[in-house]
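See structure below.
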Amino acid sequence: MAKYIFITGGVVSGLGKGICASSLGRLLKQRGLKVTMQKFDPYFNVDPGTMSPFQHGEVFVTDDGAETDLDLGHYERFVDVSLTAHSSVSSGRVYWDVLNRERCGDYLGATVQIIPHITNEIKAHVYALADCETDVVITEIGGTVGDIESQPFLESIRQVANEQGRGNVLFIHVPLIVQIPGSGELKSKPVQHSVKELLGMGIQPDILVCRAAEPITDELRRKISLFCNLEPDCVIQNMTARSLYEVPLLLANEGLDRVVCRKLGLNTPEADLGEWRQMVKKIYNASKSVKIALVGKYVSLHDAYLSVVEALCHGGTENDARVEVEWVDSELISDENAAQALSSCEGILVPGGFGDRGVEGMISAAKYARENKIPYFGICYGMHMAVIEFARHVLGFEGAHTSEIAPNTKYPVIDLMPEQLSVTKKGGTMRLGKYPCRLLEGTIARRCYGQDEISERHRHRYEYNNDYRAKFEENGMRIAGLSPNGRLVEIVEIPSHPWYVGVQFHPEFKSRPNRAHPLFRDFIRAAVERKYGAGK
């Protein structure tokens, strides 16, 4: 029978509930438990797929094609699991599904209400993850306790505790201990009020994971435990770490997983954190450093490229290097100033995106990398930009473009496939989720992966135009990866360049801190070799 852990946040948002949940998931996994994770978001968008990255950061894509909250990226990276559409649920999705059922007559004419219809739908998503092999389901409730949008989720998890029994359900609350400016004194009153708010919803938290700028004293810990009706060892401090990946170690030192297992009656050995400690040690003790230019249109909000940055750091760890990201706004780049913006970097990465803003700057970045032999990694849109740049400046196709932006271009080197055109020019044709790819012999990609067939996650609509394949290959841009039927180009590269690779998919979603994605690993290796020389 699965156990359920629910994580809520209080006082203010942005305290790191997702990192807390992910860290706990890792600790329980290292105790030999099978863990799965889930995020409930109170916003009314059906999913983050159409939300601006400036609003909500990156859209993380699962194997089954769900467009989800970025916290799922943390879950997958920390716990090393592949999550599904059930792992990311918004208020919009819940209400959408309930209203569609009402229209279909599924409720047999009943009055549809928050309780029981909305709460039952929420609980169904919780229970959907509790298969016969799962030991623990960890669910994070987005937002802050007291938000009106979160109330149906809090009521639902209260009902889960009643249905499953309190011995099978654990509530963890993540509040902020406020530090008074000037005196530096830590104040617990906001924590007490946040817990009181939860109690008003019928939820008694079992554990508090308190974010604090300074170490919590034993006296403050006892005070919080007294006012919040908790044992002192159930008040856990959560200090800011230099690396996110140190947080599981800090929480383990605080005894979080020990208390969780005690409360849930889980009889497990101590967490084996040896490999994780070695990984964190490698992160902190890197002897080299490289600077990577990330050229995109959303660089003012770094969370828009969260998985890309994390994957770069994973690649750095495997190469004994610290990766410094140089954030370059693609709207400000041109052929004339590319050298000024990019010459100090050992690698250039152009990530995914949509729309025409900043596109010419991305093309200039791809051109500068190609002409100056700087390692280049183009991801999804970044691959499209590399193909367009090559068509314009090597093949001489003046005005070559993607038909997404220039539908009347003479040279649509990136275009919709014929079968997509038969559906619609704009909607219903996106490739989402996991697709297989066959790697060609003798390519950079084949050497990176060390195997001939892979699968990667996609999120795009436009494809490499097969009409131009021969022309590209004759002039030095090689196709390195294809769909199994040979119709879809998944990877391109330039063999004469030290490292120039464009991929149609999003490899950053499958990178792990203790197992870097092969393409990110080798991209950073090429950057290290550019700075320090081969073999260093």
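Residues: numbered from 1 along the sequence shown. This structure is a prediction, so every number in the text was calculated from the model and none was measured.
Around the NZ atom of Lys34, the shell of radius 6.0 Å holds more than 12 heavy atoms that belong to other residues, nucleotides or ligands. Within 6.0 Å of the NE2 atom in His302, the count of heavy atoms belonging to other residues, nucleotides or ligands exceeds 12.
Note on residues 11-28: pairs passing side-chain hydrogen bond (donor to acceptor under 3.5 Å, both in side chains), not counting sequence neighbours, are Arg26-Gln30.
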Practice item. Go through Arg521 and Ser511 one step at a time and tell me if the side-chain hydrogen bond (donor to acceptor under 3.5 Å, both in side chains) criterion holds. Key: CA-CA 9 Å; Arg521 179 198 65 213; Ser511 188; over 6 Å; no

Q | Test side-chain hydrogen bond (donor to acceptor under 3.5 Å, both in side chains) applied to Tyr305 and Glu508, step by step | A | CA-CA 10 Å; Tyr305 302 113; Glu508 68 271 22; over 6 Å; no

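In this structure, CD1 on Ile177 lies 6.5 Å from CG on Leu186, to the nearest 0.5 angstrom. In this structure, Glu163 CD and Lys123 NZ are separated by 3.5 Å, a value rounded to the nearest 0.5 Å. We find the CG-CD1 distance between Leu129 and Ile138 to be 11.5 Å, quoted to the nearest 0.5 Å. Note that CG of Asp71 and NZ of Lys39 are 4.0 Å apart. Values are rounded to the nearest 0.5 Å. Atoms OH and OG, from Tyr43 and Ser91 in turn, are 9.5 Å apart once rounded to the nearest 0.5 Å. Between atom CD of residue Glu155 and atom CD1 of residue Ile115 there is a gap of 4.0 Å, rounded to the nearest 0.5 Å.
Looking at residues two or more places apart in sequence or on another chain, you find a side chain to side chain donor-acceptor pair (under 3.5 Å) between Asp97 and Arg93. With sequence neighbours excluded, no residue satisfies side chain to side chain donor-acceptor pair (under 3.5 Å) with Gln113. Not counting sequence neighbours, Asn45 has no partner by the side chain to side chain donor-acceptor pair (under 3.5 Å) test. Tyr464 pairs by the side chain to side chain donor-acceptor pair (under 3.5 Å) definition with nothing, not counting sequence neighbours.
Here Arg431 pairs with Glu490 in a salt bridge; the nearest charged N to carboxylate O distance falls below 4.0 Å. Using a 4.0 Å cut-off between charged side-chain N and carboxylate O, Glu76 and Arg512 make a salt bridge. Ion pairing between a basic and an acidic side chain is recognised when a charged N comes within 4.0 Å of a carboxylate O; Lys297 and Asp329 show no such pairing. Ion pairing between a basic and an acidic side chain is recognised when a charged N comes within 4.0 Å of a carboxylate O; Glu456 and Arg438 show no such pairing. Using a 4.0 Å cut-off between a side-chain N of Lys or Arg and a carboxylate O of Asp or Glu, Asp64 and Lys434 do not qualify as a salt bridge. Ionic pairing of Glu67 and Arg459 is present here: one or more N-O contacts between side-chain nitrogen and carboxylate oxygen are shorter than 4.0 angstrom.
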Cut-off 3.5 Å, no hydrogens considered: what does the side-chain donor-acceptor table look like for residues 239-252, sequence neighbours left out?
unit_1 : atom_1 : unit_2 : atom_2 : d
Thr240 : OG1    : Arg211 : NH2    : 2.7
Ser243 : OG     : Tyr245 : N      : 3.2
Tyr245 : OH     : Glu310 : OE1    : 2.6
Tyr245 : OH     : His314 : NE2    : 2.9
Glu246 : OE1    : Tyr284 : OH     : 2.5

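A 4.5 Å side-chain heavy-atom check between Gln504 and Tyr462 finds every atom pair outside the cut-off. In this structure, Ile7 and Ile141 have side chains that are not in contact, with every pair of non-hydrogen atoms separated by 4.5 Å or more. Using a 4.5 Å heavy-atom threshold, the side chains of Ile414 and Asn465 count as separate. Side chains of Asp69 and Asp47 form no contact here, defined as non-hydrogen atoms less than 4.5 Å apart.
Classification of the His517-Phe520 ring pair by plane angle, with boundaries at 30° and 60°, yields perpendicular. Aromatic ring orientation, Tyr4 versus Phe6: parallel (interplanar angle below 30°, classes split at 30° and 60°).
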